[in-house]
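FYI, side chains are in, hydrogens and waters are out, and symmetry mates aren't considered; it's all heavy atoms of this structure. In what follows, residues are counted from 1 in the order of the sequence shown.
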Amino acid sequence: QVQLVESGGDLVQPGGSLRLSCAASGFSVEDYYIGWFRQVPGTEREGVSCISARGSTIYADSVKGRFTISRDTAKNMMFLQMNNLKPEDTAIYYCAATSGRNLGVYENRCPPAMDYWGKGTLVTVSS
């Protein structure tokens, strides 16, 4: 069955870096539309970065130039490299995947919904 397990969240100072990892099982990260989302309690979940059905990388404007999404098909993992972290990046980060229809329209933005989610890993950016 599909499972996603995030790791790598930590407390980091502003300007610092973290690399989040997501171990996938039950599917190939090459075959599914995958991405990273984040959520602060009391706020709406935000799509941070995705890899589209055509292999394009997508980034929210708030993280563009600072975050990099990648995948390793041999390890069946996905990653989010986060550089120049800001306090507003503080959130629970979730990796997610989906294989639904019409994903081709999401070449410039992450889908509003995904089928499979990890349990999240906390990133705290604070001095």
Side-chain angles (χ1 to χ4, degrees):
Q1 294 184 357
V2 170
Q3 290 191 65
L4 297 164
V5 181
E6 308 96 334
S7 63
D10 205 351
L11 171 65
V12 63
Q13 292 185 327
S17 298
L18 284 174
R19 184 176 177 85
L20 304 183
S21 300
C22 177
S25 60
F27 74 100
S28 170
V29 298
E30 186 179 6
D31 296 333
Y32 278 41
Y33 194 119
I34 59 172
W36 289 91
F37 295 73
R38 67 186 181 187
Q39 188 169 29
V40 177
T43 69
E44 189 173 276
R45 183 186 62 202
E46 175 189 18
V48 176
S49 182
C50 293
I51 300 179
S52 78
R54 295 183 174 88
S56 299
T57 55
I58 302 160
Y59 297 96
D61 288 342
S62 59
V63 308
K64 192 172 297 183
R66 300 188 297 119
F67 290 12
T68 304
I69 190 171
S70 63
R71 61 187 169 192
D72 186 330
T73 56
K75 297 179 179 179
N76 207 33
M77 297 184 69
M78 54 188 292
F79 307 93
L80 185 68
Q81 178 66 46
M82 305 185 295
N83 297 327
N84 300 315
L85 283 161
K86 303 176 180 180
E88 54 262 41
D89 294 320
T90 296
I92 299 173
Y93 284 72
Y94 302 88
C95 61
T98 190
S99 61
R101 284 181 169 271
N102 303 122
L103 292 173
V105 305
Y106 298 108
E107 288 294 316
N108 300 309
R109 63 192 188 279
C110 292
M114 306 285 273
D115 290 334
Y116 307 106
W117 297 86
K119 293 182 178 180
T121 186
L122 177 63
V123 173
T124 303
V125 185
S126 180
S127 298

**Asked** For residues 67-77, which residue pairs qualify under side chain to side chain donor-acceptor pair (under 3.5 Å), counting only residues two or more places apart or in two chains?
**Response** none
**Prompt:** Do any N or O atoms from the side chain of T124 and from the backbone of T90 form a donor-acceptor pair under 3.5 angstrom?
**Reply:** no
**Cluster check I34, M114: I/L/V/M/F/W/Y, side chain < 4.5 angstrom** = no
**side-chain hydrogen bond (donor to acceptor under 3.5 Å, both in side chains) partners for S21, two or more places apart** = none
**Message:** Within the supplied structure, the quantity of interest is the number of heavy atoms (other residues, nucleotides, ligands) at a distance under 6.0 Å from Q3 CD; does it exceed 12?
**Reply:** no
**Request:** Establish whether L122 and W36 are linked, either directly or via other cluster members, by ILVMFWY side-chain heavy-atom contacts under 4.5 Å.
**Result:** no
**Heavy-atom pair of closest approach, residues G26 and V2** = O-CG2, 3.9 Å
**Fill in**
For residues 24-68, the disulfide bond (SG atoms under 2.5 Å apart) pairs (sequence neighbours left out) are C50-C110
**Asked** Which residues satisfy the salt bridge (charged side-chain N to carboxylate O under 4.0 Å, His left out) test with R66, sequence neighbours excluded?
**Response** D89
**Complete:** Rounding to 0.5 Å, atoms CE (M78) and OG (S49) come to a distance of 8.0 Å
**Partner residues of V105 under the side chain to side chain contact (heavy atoms under 4.5 Å, CB included) criterion, sequence neighbours left out** = none
Review item, side-chain donor-acceptor pairs of residues 53-62, under 3.5 Å, at least two apart:
{"residue": "R54", "atom": "NH1", "partner": "G104", "partner atom": "O", "Å": "3.1"}
{"residue": "R54", "atom": "NH1", "partner": "E107", "partner atom": "OE2", "Å": "3.4"}
{"residue": "S56", "atom": "OG", "partner": "E107", "partner atom": "OE1", "Å": "3.2"}
{"residue": "Y59", "atom": "OH", "partner": "I69", "partner atom": "N", "Å": "2.9"}
{"residue": "S62", "atom": "OG", "partner": "R38", "partner atom": "NH2", "Å": "3.4"}
{"residue": "S62", "atom": "OG", "partner": "E46", "partner atom": "OE2", "Å": "3.1"}

**Prompt:** Are L85 and L20 connected, step by step, through hydrophobic side chains (Ile, Leu, Val, Met, Phe, Trp, Tyr) whose heavy atoms are closer than 4.5 Å?
**Reply:** yes
**Request:** For V40 and T43, work out which heavy atoms get closest and say how close.
**Result:** O-OG1, 2.7 Å
**Message:** Hydrophobic clustering (ILVMFWY, side-chain heavy atoms < 4.5 Å, transitive) - are Y33 and I51 grouped together?
**Reply:** no
**Fill in**
Taken to the nearest 0.5 Å, the spacing of T121 OG1 from L80 CG works out to 11.0 Å
**Message:** Test: disulfide bond (SG atoms under 2.5 Å apart). Region: residues 58-87. Which pairs qualify, not counting sequence neighbours?
**Reply:** none
**Fill in**
Contacts satisfying ring pair (Phe, Tyr, Trp, His ring centres under 6.0 Å) that involve residues 73-123 (not counting sequence neighbours) are F37-W117
**Message:** Are M77 and V5 linked, directly or through intermediate hydrophobic residues, by side-chain heavy-atom contacts shorter than 4.5 Å (ILVMFWY only)?
**Reply:** no
**Fill in**
Taking every heavy atom of L4 against every heavy atom of A96, the minimum-distance pair comes out as CD1-CA, 3.7 Å
Let me check something: any side-chain donor-acceptor pairs from residues 6-15 under 3.5 Å, sequence neighbours excluded? List them with distances.
{"residue": "E6", "atom": "OE1", "partner": "K119", "partner atom": "N", "Å": "3.0"}
{"residue": "E6", "atom": "OE1", "partner": "G120", "partner atom": "N", "Å": "2.8"}
{"residue": "E6", "atom": "OE2", "partner": "C95", "partner atom": "N", "Å": "2.9"}
{"residue": "E6", "atom": "OE2", "partner": "G120", "partner atom": "N", "Å": "3.2"}

**Prompt:** How would you list all residue pairs meeting salt bridge (Lys or Arg N to Asp or Glu O under 4.0 Å) that involve residues 20-30, not counting sequence neighbours?
**Reply:** none
**Request:** Report yes if some heavy atom in the side chain of S99 is under 4.5 Å from a heavy atom in the side chain of D31; otherwise report no.
**Result:** no
**Message:** Test of understanding: with side-chain hydrogen bond (donor to acceptor under 3.5 Å, both in side chains), list the residues that count as partners of N83, not counting sequence neighbours.
**Reply:** S17, Q81
**Request:** Enumerate the residue pairs fulfilling ring pair (Phe, Tyr, Trp, His ring centres under 6.0 Å) with a member in residues 2-29, sequence neighbours excluded, ordered by first and then second residue.
**Result:** F27-Y32
